[in-house]
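Notes follow the structure.
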Amino acid sequence: MTEKILVGYDGSAFAEHALDWAIKEAKAADAKLTVVVSTGRPVVADAAITGPFLEKIEEEAEETARVGVQKALDAGVKAEGVLERGDVAGVLVHESGDNGLIVLGKRGLHGIRGRLGSVSAATAAHAKCPVIVLPDGWEVQDGDYSGRVVLAVDKLGPKSPAVKHAASYAKRHGKGLSIVTVIPTVTSLPSGSAELDKAIADQLTEPARTLCESVEDVAVQHAPGLDTSVHVLSGRPADALVEASASADLVVLGTRGHGGFRGLLVGSVSQAVLVDSVCPVMVVPNKSVADAE
C-alpha cells in the first residue's frame with residue numbers, strides 16, 4: 001500500500017508536470033503528498049558574503065514549496081512541503097521509505113545531464129521505494145499494450161518486488177497488466193533443419209513462458225480480478241520494452257536484473273528504457289531481494 005508520495009519540485013515546467021501526475025496518483029491511492037524542494041548543496045564561504053545570497057535562495061525555495069503544496073491542497077489532496085539543503089537526489093533518497101513512491105520528471109530540477117536528468121537517474125538508482133520517471137511529453141498510441149501496464153520480467157520472476165507494485169498500480173487505475181519477457185536474439189547461422197531450429201526456439205521460449213506464468217499467478221493473487229496477459233518476445237530486451245512503451249500506459253521494471261554486475265544499482269536494460277521510453281517508467285528497487293539469495 002502506498003502511504004506517501006514524494007514529488008521533486010522546483011517550479012519548472014518539467015516539475016509542474018510531475019506535480020500534476022503526483023496529485024492524481026495521491027488521489028487514486030488516497031495517499032499523502034510530500035512536495036520536496038532543495039536549496040542545493042551548502043556553500044562553504046565567507047558568511048558575510050554568502051549570507052544574504054543564501055537567505056534569498058531559501059526564501060525562493062520556501063515560496064516554491066508553498067505554491068506546490070497549495071496546488072495539491074486545492075485539488076483535495078493531503079499535502080506537506082519539505083525544504084532541505086543538499087543535492088536534490090540525495091534529499092529525495094533520504095525522504096524515501098518502504099511505503100513511498102517518488103515521482104520525477106525525466107529532466108528539470110536545476111540541471112540537465114544528457115537525455116536523462118542526473119537527478120532522475122540517481123534517484124531511481126538509490127531510492128528505497130519505487131520511482132516513476134515521466135517523459136517530457138507523450139501521446140498514447142494505439143497498439144498491443146493500449147490501456148495496459150507493461151511489467152518487464154527478469155530472472156527474479158515472481159520474487160521481484162516489481163510484480164506486486166505493477167499489479168497494484170494496474171488494479172488501482174483499472175488497467176490490464178501485460179507480463180513481458182524478452183529472449184535475447186542469438187546471432188548464429190541456421191542449422192539447416194527447420195525442425196531443429198524450432199526445437200531450439202522452443203527450448204528457449206518454454207522456460208520463459210513458464211516464468212511469466214508464475215509471475216502472473218502472483219499478480220492475480222495480489223490483485224484478484226486483474227486482467228493479465230503473457231508475452232514472450234525475442235530481440236534486444238531494451239528495444240522490445242521501448243517499443244512496448246509507445247502504446248503502454250506505464251512500464252514497470254526492477255532496478256537491475258538478477259545475475260548482472262553487482263556494482264550496478266540500475267542495470268543496462270533499465271537505464272536504456274529510462275532514457276528512451278515513450279511512456280512513464282516505474283523503477284522498483286530489487287537490490288535487497290537479489291542480494292539475499
Side-chain angles (χ1 to χ4, degrees), residues 2 21 24-25 28 101 103-104 106 116 120 124 130-185 205 208-223 225-258 266-286:
T2 301
W21 177 282
K24 292 179 182 177
E25 191 59 33
L101 172 70
V103 179
L104 286 170
K106 184 179 290 188
L116 179 66
S120 302
V131 177
I132 290 183
V133 179
L134 307 176
D136 300 344
W138 78 97
E139 295 182 3
V140 178
Q141 303 176 21
D142 290 333
D144 293 340
Y145 306 102
S146 297
R148 304 184 72 81
V149 173
V150 168
L151 169 62
V153 176
D154 58 30
K155 290 183 180 180
L156 281 175
K159 296 181 181 180
S160 172
V163 177
K164 292 182 179 179
H165 282 287
S168 293
Y169 183 96
K171 181 77 170 181
R172 187 163 63 242
H173 292 274
K175 306 292 182 181
L177 180 65
S178 294
I179 299 163
V180 175
T181 193
V182 184
I183 301 172
T185 302
T205 300
R209 182 171 297 278
T210 299
L211 183 67
C212 284
E213 289 172 351
S214 67
V215 168
E216 185 178 33
D217 290 341
V218 171
V220 172
Q221 288 173 11
H222 183 70
L226 184 64
D227 171 25
T228 60
S229 60
V230 169
H231 306 261
V232 179
L233 311 177
S234 61
R236 293 185 67 249
D239 290 347
L241 292 171
V242 169
E243 184 176 348
S245 76
S247 58
D249 279 40
L250 179 75
V251 172
V252 182
L253 34 70
T255 45
R256 59 175 171 80
H258 195 47
V266 176
S268 58
V269 172
S270 300
Q271 287 178 334
V273 175
L274 275 172
V275 170
D276 292 323
S277 177
V278 177
C279 74
V281 177
M282 177 191 287
V283 181
V284 181
N286 61 14

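Sequential numbering from 1 along the given sequence is applied to the chain's residues.
- Looking at R172 and E25, their side chains come closer than 4.5 Å, going by heavy atoms from C-beta outward.
- The minimum heavy-atom distance between S229 and E216, with the atom names listed, is N-OE2, 4.2 Å.
- Under a 3.5 Å cut-off, the side chain of S270 and the backbone N or O of G254 do form a donor-acceptor pair.
- When all heavy atoms are compared, the tightest approach of L211 to D154 is CD2-O, 3.5 Å.
- Using a 4.5 Å cut-off on side-chain heavy atoms (C-beta onward), L250 and Y169 make contact.
- To the nearest 0.5 Å, atoms OG1 (T228) and CG (L151) are separated by 11.0 Å.
- A distance of 8.0 Å separates NE2 in H222 from NE2 in H165, rounded to the nearest 0.5 Å.
- Nearest heavy-atom pair, L226 versus A170, reported as atom, atom and distance to 0.1 Å: CD1-CB, 3.8 Å.
- Rounding to the nearest 0.5 Å places CD1 of I183 at 4.0 Å from OG1 of T205.
- A distance of 11.5 Å separates CD of Q271 from CG of D276, quoted to the nearest 0.5 Å.
- Distance check, rounded to the nearest 0.5 Å: SG of C212 to CG of D217 gives 11.5 Å.
- The structure places OG of S247 at 8.5 Å from CG of D142, a figure rounded to the nearest 0.5 Å.
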TODO: Check step by step if side chain to side chain contact (heavy atoms under 4.5 Å, CB included) holds for H231 and V150.
DONE: CA-CA 10 Å; H231 306 261; V150 168; over 6 Å; no

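- The minimum heavy-atom distance linking D136 with K106 is given by the pair OD1-CB, 4.1 Å.
- A donor-acceptor distance shorter than 3.5 angstrom exists from the side chain of S146 to the backbone of Q141, with no hydrogens or angles considered.
- Listed here is the closest heavy atom pair of V251 and L241: CG2-O, 4.5 Å.
- Atom NZ of K164 sits in a sparse spot, with 12 or fewer heavy atoms from other residues, nucleotides or ligands closer than 6.0 Å.
- For the pair L104 and L134, the minimum side-chain heavy-atom distance is 4.5 Å or more.
- Here the closest heavy-atom approach between residue S245 and residue S277 is recorded as CB-OG, 3.3 Å.
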